[in-house]
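Everything on this sheet refers to the single structure shown next.
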Amino acid sequence: MRAQPEASHFIDGVYVEDEAGKAFESIYAATGEVIATLHSATPAIIDKAMAAASRAQLEWASWLPAERARVLRRAADIIRARNEALSELETLDTGKAIQETLVADASSGADSLEWFAAQAASLSGESVPLGDAFAYTVREPLGVCVGIGAWNYPTQIACWKAAPALACGNAMVFKPSEMTPLCALKLAEIFIEAGAPKGLFNVVQGLGDVGAALATHEKTTKVSLTGSVPTGGKVYAAAAAGMRHVTMELGGKSPLVVFDDADLEDAIGGAMLGNFYSTGQVCSNGTRVFVQKGILEKFLARLAERTAKIRIGDPLDPETHLGPLISKAQHDKVMAYIEKGKAEGARLVIGGGVPEGEAFAAGTYIEPTVFAGVTDDMTIAREEIFGPVMSVLSFDTEEEVVERANGTEFGLAAGLFTKDISRAHRVAGRLAAGICWINTYNLTPVEIPFGGVKHSGLGRENGKAAIAFYSQLKTVHVALGKVDSPY
Ligand code: NDP
């Protein structure tokens with residue numbers, strides 16, 4: 001199985017190669033096959049991409065907003081028309097089940113392009129009356145934005161960054177994770193087909209050093225990173241040195257609270273979606289599931305029953321629910337957490353191992369895993385695992401659970417299940433998280449802002465809120481009378 005792109009990078013409207021860059025392989029996680037070999041960007045490639053983006057940005061910003069909107073809408077249409085092929089590539093790039101990629105990746109990218117196209121055409125400032133003067137504000141682009149992506153949602157991350165950036169009149173240079181280098185290249189092709197100026201959206205490949213070089217490039221005015229908290233700290237500090245704008249979408253260890261009056265089937269469905277979707281490799285996952293004591297045993301029994309029915313296997317089979325993890329390194333990291341969970345006294349309810357059989361031999365599979373009897377101090381309750389591992393904790397009172405749920409340095413997301421409407425809003429108001437779901441989990445429509453508090457990040461993607469992070473205000477003060485000067 002091969003998915004070799006024409007060349008490693010896409011710059012100024014065409015594929016570009018520079019074999020002087022270190023070669024790295026793209027591996028299909030389900031079989032271990034090498035599906036593409038690419039080269040990391042050299043300094044010359046980085047400069048070329050930044051120069052192309054800088055040129056294109058000036059042209060793009062001079063277009064009428066409605067013309068820019070048209071390009072974004074066309075790109076969305078092309079993505080939708082090619083959803084099947086793009087979803088297959090996403091599955092090869094990540095190992096995620098095709099059942100998911102067909103509905104959650106390219107299609108979410110198209111949604112964001114379409115939605116921000118509408119915003120592009122309606123960007124405006126305000127007018128402030130000041131007696132014998134008035135002022136007006138204009139929303140201006142930042143310039144060249146750098147996007148750096150994680151490996152769990154390569155198409156979606158590229159689109160969620162490109163859509164608001166381009167809508168506001170910026171250009172972008174995007175660096176995918178070196179583990180998922182393929183999907184962003186297709187997006188770059190699509191922008192050209194949709195009529196974007198050459199150089200408006202460029203893709204350069206590489207590891208962290210390429211990301212670091214982009215974040216500190218003299219032409220970079222903004223860095224938007226999706227990644228882990230430690231990488232976020234480094235990129236934020238590097239960007240600060242040049243007074244660059246940032247958006248940081250980082251990791252989490254989010255709480256999902258199930259009160260004893262909750263609809264049990266819904267709560268279990270939410271907990272499973274919030275732990276096993278994308279083989280658990282979702283930043284906003286509700287990996288600490290707090291269940292009120294009165295319903296704990298019932299919850300665990302039914303959760304185990306439903307988890308046992310999850311179909312794990314070939315991600316290209318439409319019947320498969322759960323594919324492999326992204327890489328051998330991630331697989332081993334998750335298995336080490338499972339071992340730690342057992343060693344620290346958590347009770348394994350289901351899973352915890354590697355599925356047996358020929359079909360799984362070469363892939364990086366792990367069974368969907370549930371631990372019960374987890375306490376707040378255990379490693380599996382404190383650290384982000386990024387795999388299909390759910391920790392179930394129990395609680396007595398609302399007061400107690402809010403305090404424990406907030407007892408983490410992370411603050412990306414939170415969820416709660418209850419039929420008590422007052423309690424639902426009261427608890428949502430007290431949970432320290434950037435997004436809180438009531439009686440559902442992990443829904444991220446592009447219309448609503450997404451992002452974290454505390455160490456989980458800065459800024460917001462999606463929704464009108466994202467506009468503020470991809471543009472800056474200019475204020476124009478207009479005098480209507482004489483200049484009153486004492487000199
Ligand atoms: P990493 O932080 O390891 O990497 C993220 C990206 O940053 C990669 O492209 C990486 O390159 C690059 N990078 C690494 N070091 C540097 C550096 N010093 N300067 C600039 N760029 C650098 O994250 P993962 O790829 O492992 O993704 C998993 C993490 O992402 C999890 O913590 C998860 O929670 C988080 N995440 C957050 C989301 C959110 O929206 N809040 C959504 C999805 C994931 P390379 O890997 O190629 O070396």
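Each ligand, and each atom within it, is numbered from 1 in the order the structure gives.
When the options Q156, E178, K234, E461 are ranked by their closest heavy atom to atom 18 (N) of ligand 1, first place goes to K234. Distances from atom 37 (C) of ligand 1 to the heavy atoms of A329, C283, S456 put C283 nearest. In this structure, of V146, I157, T231, the residue bringing a heavy atom nearest to atom 22 (C) of ligand 1 is T231. Proximity annotation for atom 25 (O) of ligand 1: of Y153, Y236, F174, W151, W151 comes nearest, heavy atoms only.
Of all atoms in ligand 1, numbered sequentially from 1 with element shown, those under 4.0 Å from a heavy atom of F450 are 40 (O). Counting the atoms of ligand 1 from 1 in the order shown, those under 4.0 Å from a heavy atom of L225 are 6 (C), 7 (O). Under a 4.0 Å criterion applied to the non-hydrogen atoms of S228, ligand 1 contributes the atoms 1 (P), 2 (O), 23 (O), 29 (C), 30 (O), 32 (O). Within ligand 1, the atoms closer than 4.0 Å to a non-hydrogen atom of G206 are 47 (O), numbered from 1 in the order shown. In summary, the atoms of ligand 1 found under 4.0 Å from a heavy atom of G251, numbered by their order in the structure, are 32 (O), 34 (O). Residue-ligand proximity, N152 to ligand 1, at heavy-atom distances under 4.0 Å covers atoms 43 (C), 44 (C). Those atoms of ligand 1 with a heavy atom of G211 less than 4.0 angstrom away are 19 (N), 20 (C), 21 (N). Distances below 4.0 Å separate heavy atoms of G149 from the following atoms of ligand 1: 5 (C), 6 (C), 8 (C), 9 (O).
Protein heavy atom at the shortest distance from atom 35 (C) of ligand 1 is G227 O, 3.0 Å. Atom 41 (N) of ligand 1 has L250 O, 2.6 Å as its closest protein atom, hydrogens excluded (heavy atom only). Of the protein's non-hydrogen atoms, E384 OE1, 2.6 Å is the one closest to atom 32 (O) of ligand 1. Atom 5 (C) of ligand 1 has as its closest protein heavy atom T226 O, 3.6 Å. Protein heavy atom at the shortest distance from atom 10 (C) of ligand 1 is K175 NZ, 3.9 Å. Scanning all protein heavy atoms for the shortest distance to atom 7 (O) of ligand 1 gives I148 CG2, 3.3 Å. Looking only at protein heavy atoms, the nearest one to atom 48 (O) of ligand 1 is G208 N, 3.1 Å. Nearest protein neighbour of atom 27 (O) of ligand 1, counting heavy atoms only, is A150 CB, 3.3 Å.
Residues Y28 and P315 have side chains in contact (heavy-atom distance under 4.5 Å, counting atoms from C-beta outward). When side chains are defined from C-beta on, F116 counts as touching I467, because their heavy atoms get closer than 4.5 Å. Inter-residue side-chain proximity for V349 and T307 is flagged as unmet; no heavy-atom pair is nearer than 4.5 Å. The side-chain heavy atoms of L256 and F417, taken from C-beta on, include a pair separated by under 4.5 Å. The shortest side-chain heavy-atom distance between E6 and L185 does not fall under the 4.5 Å cut-off. You'll find the side chain of L86 stays beyond 4.5 Å of the side chain of C183, heavy atoms only. The shortest side-chain heavy-atom distance between L303 and M272 falls under the 4.5 Å cut-off.
In terms of N/O distances under 3.5 Å, ligand 1 is not approached by M179.
Contact annotation for L412 and ligand 1: only side-chain heavy atoms (C-beta onward) come within less than 4.0 Å of the ligand.
Cation-pi geometry between K222 and Y470 is met: the NZ or CZ atom falls under 6.0 Å from the ring centre, inside 45° of the normal.
With a 6.0 Å radius and a threshold of 12 heavy atoms from other residues, nucleotides or ligands, Q4 has its CD atom above the threshold. Heavy-atom neighbours of Y15 OH from other residues, nucleotides or ligands within 6.0 Å: above the threshold of 12.
Checked against a 6.0 Å centroid threshold, the rings of W151 and F386 count as neighbours.
Remark: the S108 side chain and the W160 side chain contain an N/O donor-acceptor pair separated by less than 3.5 Å.
Under the 4.0 Å criterion applied to side-chain N and carboxylate O atoms, D18 and K48 are not assigned as salt-bridge partners.
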